[in-house]
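It should be emphasised that the depicted structure is a prediction, and the values quoted were computed from it without experimental measurement. Chain naming here is simple, since letters A, B, ... match the order of the sequence lines and numbering starts at 1 in each.
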Amino acid sequence: MHEAVIQGWQARVREAAAAKTPLAIRGGGTKAFYGEAEQGEPFDTRAYAGIVDYEPTELVVTARAGTLLADVERTLREAGQMLAFEPPHFAPGGTLGGTIATGLSGPRRPYAGAVRDHVLGVKVVDGRGELLTFGGRVMKNVAGFDVARLMTGALGTLGIVAEASLKCVPQPRAQATRVFELSADEGIRRANEWGGKPLPLSATCQCDGRLYVRLSGAAPAVEAAAAKFGGAEVPDGEALWTAVRDHAHPFFAAARDGAPLWRLSVRSTAPHTDLGAEQLIEWGGALRWLVAPRAEASKLRAWAAAHGGHATLFAARDRSPGVFHPLPPALAGLHARLKAEFDPHGILNPGRMAAGGA
Amino acid sequence: MDGTTHPAGTAAAFERPAPDAVGEVVAGLRRRFGERASINAGVREQHGHGEGLADAALPDVVVYPHTDEEVAAVVRLCNAARVPVIAFGIGTSLEGHVAALYGGVCLDLSQMNRVLEVNADDLDCRVQAGVTREQLNAELKGTGLFFPIDPGANATIGGMTATRASGTNAVRYGTMRENVLGLTVVTAAGRIVRTGGRARKSSAGYDLTRLFVGQEGTLGIVTEIQLRLYGVPEAISAAVGQFDDLRSAVQTVIVAMQHGIPVARIELLDALQMKACIAYSKLDGFDAKPTLFFEFHGTQAGVKEQSSLMEAIAADHGGHPFRFATAAEDRSRLWKARHNAWYAALALRPGAMGFSTDACVPISRLADCVLETHEDVERTGLVCPIVGHVGDGNFHLLVLFDPADADERARAEALAQRVSLRAIRMGGTCTGEHGVGVHKLDALVAEHGDEAVDLMRTIKQALDPNGILNPGKTVPARRRE
């Protein structure tokens with residue numbers, strides 16, 4: 001039955017290729033707001049669902065793209081494991097395929113790695129309708145080009161993710177959240193200082209004059225670090241981190257109503273700078289959120305670039321300044337060539353990742 | 001069906017360039033680089049091979065660039081003349097990566113050896129490709145930071161990036177894949193591009209950094225690398241545990257991983273390898289039994305907790321009491337014995353040559369794979385000890401053979417081929433860390449299938465249309481009929 005679904009995908013892609021009909025690849029649509037607008041006939045991946053293989057002792061899960069992220073996470077949780085990159089949900093109904101295609105990671109990312117660091121292998125249907133396998137389900141694999149990682153975060157423009165094998169990790173034995181009254185400057189400084197030490201740091205969030213810090217690990221290590229850090233205990237820490245991860249935190253209220261939300265990815269020690277609006281700062285300083293008018297695009301992009309990074313218009317009713325930071329011409333050329341190889345007819349989510357002509 | 005299949009058979013294998021074309025390139029390089037472009041036979045011989053089995057193929061000229069612009073100029077010249085260009089770090093690759101199969105220009109990056117920036121607060125640094133890992137760690141002394149990836153050899157960071165190296169520290173710190181933040185790459189057209197950057201979520205667009213990590217010099221020449229660094233742990237301790245059988249040793253590691261013990265290194269030596277190490281490194285008080293070497297990094301309390309938890313798990317699996325080493329000298333003596341495993345193995349059979357397999361399997365299949373391989377070795381009559389990076393399922397069979405005995409060499413190579421296929425059958429890979437080079441081209445197809453390899457080939461064609469970058473490596477030039 002599953003084989004028939006994939007054959008159906010392949011046939012549909014071949015038809016679309018022949019007719020040059022764009023396909024808008026979509027799972028649960030929970031992250032459809034991210035990236036440039038979808039174009040083309042809807043291509044729903046959810047019929048290809050289910051966990052293919054999960055052997056907890058191997059710390060690897062293999063599942064089909066249409067599997068609900070929540071189902072993958074529940075299965076892991078029941079075996080005492082989790083996805084270390086803490087993928088955001090934003091809304092119920094998100095799929096594993098969408099998690100990989102968007103490549104978005106949550107609060108634990110600087111301390112445990114990103115989505116791409118946990119993708120061990122993928123099966124994809126490319127723009128010719130071929131079903132291809134890259135990587136596998138082992139921890140290390142250097143056989144050929146690292147196409148599995150290239151697929152991660154490519155927003156479905158290089159291939160339709162059909163199946164993926166992800167590295168899992170044991171859940172931490174203990175977790176605690178501490179809060180400190182600190183200015184943004186001081187919060188960034190502290191988060192960087194602690195991040196360089198062998199401390200069980202697993203998330204930071206600076207907002208409203210407070211720095212929240214999560215500790216995860218063996219109980220003695222978490223207790224020792226909590227004692228060393230001081231600050232006050234946050235009783236329901238997990239609720240806070242889930243809210244930050246899914247943008248349910250009050251900071252994101254305006255963005256949820258359609259105001260332009262910017263995601264600035266910079267080096268973690270970039271100084272706190274007044275960019276015209278309150279910021280929520282995660283990842284030890286490396287990720288800065290703010291709500292700012294679209295007209296601020298060039299100012300924000302210049303600031304991010306000056307601090308080693310880039311600015312993305314993460315969510316907005318009107319995405320007209322362009323979602324992604326423009327690429328230098330040489331890189332844009334490489335993008336275009338890769339896109340042309342994976343999707344010669346330009347039918348897979350065309351325009352979704354406009355940076356680089358993909 | 002027009003256009004729905006890959007242009008598989010159309011990719012012609014690279015052909016050796018005409019002598020005139022090579023001659024012109026060599027003359028051009030000698031004009032521009034003077035003594036930094038050498039046609040000396042000894043220099044070319046030294047650059048025609050890595051540390052793998054002798055598959056030497058000499059370049060026509062060896063050039064020593066100093067800047068990205070010089071690298072770009074060499075590549076442009078070669079691209080225009082359709083002459084191969086092969087990046088070379090320090091020559092420690094194992095799979096024939098640097099052999100100049102079609103002659104051409106060897107780009108020796110060893111003089112591009114400056115550490116350009118160390119950003120202690122950001123935990124990163126930027127280095128030129130020719131910096132070696134030991135040099136980097138020496139220059140980091142005093143900053144409280146270190147670069148953990150340790151493939152054994154004192155390889156260059158450029159070479160480690162190009163081969164996606166890992167080694168004994170991967171369980172805790174990852175491989176080059178996870179630790180390269182950004183790159184400067186010279187493309188086949190001779191353009192200098194930067195991928196990624198200082199930000200953790202690097203670059204808009206496709207993750208080109210990841211594509212260039214592990215491309216073995218076939219898609220571009222890596223000239224600069226932005227690397228992640230780590231705080232030097234407050235405490236380090238080492239331990240050695242011995243087991244009566246291999247399965248118990250592997251099971252100990254599986255259970256430890258389930259507990260999430262953040263062990264920095266876990267290395268497995270089979271009984272034969274341990275016998276070799278005891279003799280070679282004069283280790284007292286150990287038996288020739290399956291053995292695990294551990295290293296723990298963390299706070300004083302953390303290290304103590306990790307090692308006692310590990311010992312308890314080992315005891316549950318019939319392990320003998322651990323031997324601990326916390327003093328730096330004792331630790332380094334133990335680990336030196338592990339690092340010298342290769343020489344110890346060669347000493348098992350004086351006069352023999354050897355090479356290493358590189359299978360990696362899901363850890364639940366590791367014991368099966370190693371034990372099946374033991375039986376296979378026994379049938380061949382060869383002497384082949386095993387070391388393994390057991391935390392990630394990667395093990396190396398050190399295959400010893402008499403170079404004067406062609407039949408034995410053939411049996412040795414057939415054995416290695418079976419190890420690769422066995423790993424693939426068990427859901428693993430033919431190469432966990434050494435790479436494809438020229439030796440694993442067939443196994444690559446067995447592992448990924450023709451269609452996936454076809455797509456890799458089209459990536460190669462897209463980024464290197466003239467096929468000048470390290471031709472004959474990483475991806476077969478055409479489908480096998």
Side-chain angles (χ1 to χ4, degrees), chain A residues 14 17 55 57-60 110 113 116-117 126 128-130 132-134 136-146 149-150 152-154 169-170 192 196-198 218 220-221 224 265-269 283 286 308-310 324-325 327 330-331 334-335 337-338 340-341 344-345 353 355-356, chain B residues 3-5 121-123 164 166 170 175 178 191 193 197-201 204-208 210-211 213-215 231 233-234 254 257-258 260 298-299 301-302 305 360-364 392-394 427-433 435-436 444 447-449 451-452 455-456 458-459 462-463 475:
Chain A
R14 287 192 183 119
E55 176 50 58
T57 56
E58 284 176 5
L59 298 167
V60 176
R116 62 153 194 259
D117 297 321
D126 74 1
R128 299 171 175 90
E130 301 255 5
L132 308 171
T133 305
F134 297 102
R137 52 191 189 95
V138 285
M139 294 299 162
K140 295 195 312 197
N141 185 333
V142 293
F145 302 140
D146 201 352
R149 313 295 162 103
L150 192 61
T152 308
V169 299
N192 275 290
K197 299 215 162 105
S265 176
V266 291
R267 66 186 166 82
S268 60
T269 53
W283 296 6
H310 55 94
F324 296 106
H325 206 110
L327 292 173
L331 278 184
L334 291 179
H335 272 73
R337 266 174 274 159
L338 287 172
E341 295 301 336
H345 307 287
M353 202 170 177
Chain B
T4 56
T5 53
D121 293 339
D122 292 303
L123 301 175
R164 218 187 290 151
S166 43
T175 71
E178 290 81 22
R191 295 184 78 163
V193 299
R198 311 268 319 268
R200 279 288 181 262
K201 158 74 182 76
Y206 300 143
D207 196 344
L208 294 176
R210 244 40 59 186
L211 185 62
V213 175
Q215 44 90 21
E234 181 185 308
I254 290 177
M257 305 292 287
Q258 298 296 300
T299 58
E305 193 202 332
C360 186
V361 292
I363 191 168
S364 63
D392 38 43
N394 184 206
T429 174
C430 60
T431 176
E433 60 182 10
V436 176
L444 177 78
E447 184 172 328
H448 283 97
E451 290 76 16
L455 184 56
M456 289 187 193
T458 67
I459 293 174
L463 269 57
V475 177

If you tally heavy-atom pairs under 4.5 Å between each of A:E58, A:K197, A:M139 and chain B, the highest tally belongs to A:E58
Residue part contacting chain A, namely of B:S364, when any heavy atom lies under 4.5 Å:
both
How close do A:G144 and B:R164 get, heavy atom to heavy atom, and via which atoms?
O-NH2, 2.9 Å
So for B:D121, is it side chain, backbone, both, or neither that comes closer than 4.5 Å to the heavy atoms of chain A?
both
In terms of heavy-atom pairs under 4.5 Å, which option from B:G260, B:G298, B:C360, B:A170 contacts chain A the most?
B:C360
Find the one option among B:G214, B:G435, B:G428 whose heavy-atom pairs under 4.5 Å with chain A are most numerous.
B:G435
Between A:P220, A:G113, A:G153, which has the largest tally of heavy atom pairs under 4.5 Å with chain B?
A:P220
Do side-chain atoms of B:T429 reach the backbone of B:G432 as a donor and acceptor pair under 3.5 angstrom?
no
Is B:V475 in contact with chain A via its backbone, its side chain, both, or neither, using a 4.5 Å heavy-atom distance?
side chain
Walk me through whether A:R149 and B:V213 qualify under side chain to side chain contact (heavy atoms under 4.5 Å, CB included).
CA-CA 11 Å; A:R149 313 295 162 103; B:V213 175; over 6 Å; no
Heavy-atom distances under 4.5 Å only: say whether B:R191 touches chain A with side chain, backbone, both or neither.
side chain
Determine the option with the most heavy-atom pairs under 4.5 angstrom with chain B, choosing from A:D117, A:L59, A:N141.
A:N141
Hey, is the main chain of A:E341 close enough, under 3.5 Å, to the side chain of A:R128 for a donor-acceptor pair?
yes
Is it true that a side-chain atom of B:D122 and a backbone atom of A:T269 form a donor plus acceptor pair closer than 3.5 Å?
yes
Heavy-atom pair count under 4.5 Å with chain A, highest-scoring of B:G393, B:P233, B:S166, B:G231:
B:S166
Side chain, backbone, both or neither: which part of A:A224 has a heavy atom under 4.5 Å from chain B?
neither
When A:A221, A:G196, A:G136 are compared by non-hydrogen pairs under 4.5 Å with chain B, the top option:
A:G196
Which bit of B:T175 is near chain A, if near means a heavy-atom gap under 4.5 Å: side chain, backbone, both or neither?
side chain
Any chance you could measure A:L327, atom CG, to A:H335, atom NE2, to the nearest 0.5 Å?
5.0 Å
What I'd like to find out is whether the side chain of A:D146 reaches to under 4.5 Å of the side chain of B:L211, using heavy atoms alone.
no
List in chain and number order the residues that pass salt bridge (Lys or Arg N to Asp or Glu O under 4.0 Å) with B:E447, two or more places apart in sequence or in another chain; answer none if no residue qualifies.
none
For B:E305, check side chain to side chain donor-acceptor pair (under 3.5 Å) against everything at least two apart and list the hits.
none
